[in-house]
Amino acid sequence: MEFSKRILTWYEQHGRKDLPWQQQPSAYRVWVSEIMLQQTQVATVIPYYNRFMGRFPDIAALARADQDQVLHYWSGLGYYARARHLHAAAQQMVEHHGSRFPESYEDVLALPGIGRSTAGAILALAFGQHHPILDGNVKRVLSRYYSIEGWPGESRVQKKLWQLAELHTPDKQAAAYTQAIMDLGATLCTRSNPACNVCPLNHGCLARINGRQADFPPPRPRKHKPVRETTMLLLTNDRNEVVIEKRPAAGIWGGLWSFPEISPGDAVDEWCRDAAGFSVNRTEQWPVVRHTFSHFHLDITPVVVIAGIPLSRVMDGGGRLWYNMNSQDELGFAAPVGKLLGRLAEWQEQ
Ligand code: SF4
């Protein structure tokens with residue numbers, strides 16, 4: 001039996017068919033799920049997906065929302081450029097595609113945040129179009145089945161994998177096949193301990209035959225991650241408020257709200273006086289919190305600052321505001337900032 005038939009037969013019996021985005025599937029629902037599933041496991045995505053869909057049920061609702069609201073519903077999922085691109089793409093669909101998800105591959109590929117594999121997956125799953133996909137799961141299955149040496153991020157290896165993905169994508173049943181091979185990678189051909197004994201591909205899989213499942217795909221060549229340091233000021237008052245500021249659109253945590261930052265070694269009271277217009281009553285330094293990005297570690301030193309009397313009526317702008325920690329405002333915070341906010345609220349109650 002050929003490769004795709006084996007996978008399709010397995011999928012009919014064992015594939016996942018109860019995921020939220022598989023219910024009343026539409027291109028919009030498939031698209032949001034595919035973007036959330038990039039870099040993130042299904043179990044983590046499901047509650048985020050359900051909340052996101054509850055708040056932004058269609059393209060028009062997403063396009064109408066403020067970026068703050070969109071980031072609020074993404075807070076904690078990470079890789080926030082995904083949310084900003086989703087929002088921008090929804091606005092483009094309203095403007096250029098009559099608030100509908102486009103059906104042409106070129107139009108989909110032209111949208112922000114959608115690459116070749118995601119475009120193929122959405123069009124296959126939502127419209128049954130024939131397109132190969134090559135997400136992390138598919139890369140793992142094909143790398144093992146053919147014992148392909150080399151990190152899949154290398155262009156030579158990637159080219160080979162795309163050729164194989166194309167070769168095996170059937171003309172018919174593209175939607176089922178796309179879901180099936182993603183499921184097989186996620187549930188059987190897992191990163192560690194793949195379930196080869198029940199895998200429909202086990203007879204032809206070179207990695208299994210040679211007992212080399214752990215060798216494929218080879219990991220990204222290791223690079224030493226540099227450590228960056230920052231000091232976050234949790235400038236607070238006796239009204240349960242804390243100063244937050246909006247980060248620039250580009251760069252880490254772009255568009256999210258965070259605490260003002262100073263370089264390690266900068267004087268806290270000087271910053272408070274010159275930039276925020278406050279004298280300092282008291283400060284308390286908390287232990288360093290490490291947050292790891294794909295390319296570096298960020299060591300955050302949180303310093304709680306109890307504000308004294310205002311020296312001027314307004315802060316120096318820069319998108320800063322006093323945020324009430326009991327407020328229900330829909331703002332997006334990066335995960336470590338959200339955690340520090342929670343700790344600060346508890347600390348103030350003591
Ligand atoms: S036989 Fe094992 S290694 Fe090969 S595709 Fe199946 S689960 Fe993956």
Side-chain angles (χ1 to χ4, degrees), residues 1-19 21-22 30 33-34 36-46 115-125 128 130-222:
M1 208 194 299
E2 68 184 82
F3 186 98
S4 61
K5 282 227 178 71
R6 285 180 190 279
I7 295 182
L8 282 164
T9 306
W10 168 82
Y11 177 70
E12 272 167 33
Q13 288 176 20
H14 305 287
R16 297 176 295 189
K17 302 184 185 78
D18 55 355
L19 297 171
W21 42 91
Q22 293 172 323
V30 170
S33 72
E34 283 298 314
M36 284 191 171
L37 287 165
Q38 292 169 353
Q39 336 269 2
T40 315
Q41 301 281 332
V42 167
T44 308
V45 162
I46 288 175
R116 192 171 160 193
S117 182
T118 305
I122 299 168
L123 291 172
L125 293 171
H130 169 105
H131 297 286
I133 66 154
L134 193 61
D135 71 350
N137 289 316
V138 180
K139 281 179 189 163
R140 196 164 53 251
V141 172
L142 293 174
S143 300
R144 284 177 172 165
Y145 190 83
Y146 288 99
S147 283
I148 294 174
E149 306 283 351
W151 175 54
E154 263 177 65
S155 57
R156 172 188 61 84
V157 180
Q158 196 154 138
K159 194 169 162 204
K160 177 86 191 146
L161 290 170
W162 271 113
Q163 283 167 350
L164 293 168
E166 173 83 56
L167 176 76
H168 290 304
T169 305
D171 290 338
K172 290 183 183 154
Q173 291 189 276
Y177 174 79
T178 299
Q179 189 64 59
I181 189 157
M182 290 195 299
D183 273 16
L184 190 135
T187 61
L188 295 187
C189 197
T190 47
R191 211 174 296 274
S192 49
N193 297 324
C196 302
N197 53 337
V198 292
C199 175
L201 301 175
N202 58 12
H203 288 296
C205 175
L206 289 177
R208 189 208 56 85
I209 291 166
N210 297 314
R212 295 188 60 204
Q213 294 92 324
D215 294 341
F216 302 100
R220 171 200 285 265
R222 278 181 83 85

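Predicted model, so just to flag it, every value in this text is computed and none were measured. Positions are given from 1, in the same order as the sequence printed here. Whatever order the structure lists them in is the order used to number ligands and atoms, beginning at 1.
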Starting from [atom], which protein heavy atom do you reach first, and at what distance in Å?
{"atom": "atom 8 (Fe) of ligand 1", "value": "C189 SG, 2.4 Å"}
{"atom": "atom 2 (Fe) of ligand 1", "value": "C196 SG, 2.3 Å"}
{"atom": "atom 4 (Fe) of ligand 1", "value": "C205 SG, 2.3 Å"}

*Distance only, no hydrogens: is a donor on one side chain within 3.5 Å (strictly under) of an acceptor on the other, for Q22 and D18?*
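No, no side-chain donor-acceptor contact under 3.5 Å.
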
Whether over 12 other heavy atoms sit under 6.0 Å from [X] [atom1]:
{"X": "N197", "atom1": "CG", "value": "yes"}
{"X": "K172", "atom1": "NZ", "value": "no"}
{"X": "R220", "atom1": "CZ", "value": "no"}

*For ligand 1, which atoms, with element, lie under 4.0 Å from some heavy atom of Q213?*
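Under 4.0 Å from Q213, ligand 1 has these atoms: 3 (S).
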
*asked:* Under 4.0 Å from a heavy atom of N202: which atoms of ligand 1 are those, numbered in the order shown and with their elements?
replied: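 This gives 1 (S) as the contact atoms.
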
*Backbone or side-chain N/O/S of C199 under 2.8 Å of atom 4 (Fe) of ligand 1*: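 No, since none of the N, O or S atoms of C199 sits under 2.8 Å from atom 4 (Fe) of ligand 1.
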
*For the residue pair Y11 and Y177, is the inter-centroid distance of their aromatic rings smaller than 6.0 Å?*
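No, ring centres 6.0 Å or more apart.
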
*asked:* Under 6.0 Å from the ring centre and within 45 degrees of the ring axis: does the NZ or CZ of R116 meet both conditions for the six-membered ring of W162?
replied: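 So R116 does make the cation-pi contact.
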
_Within reach of ligand 1, part of A207 (heavy-atom separation under 4.0 Å)_ =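 No part of A207 comes within reach of ligand 1.
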
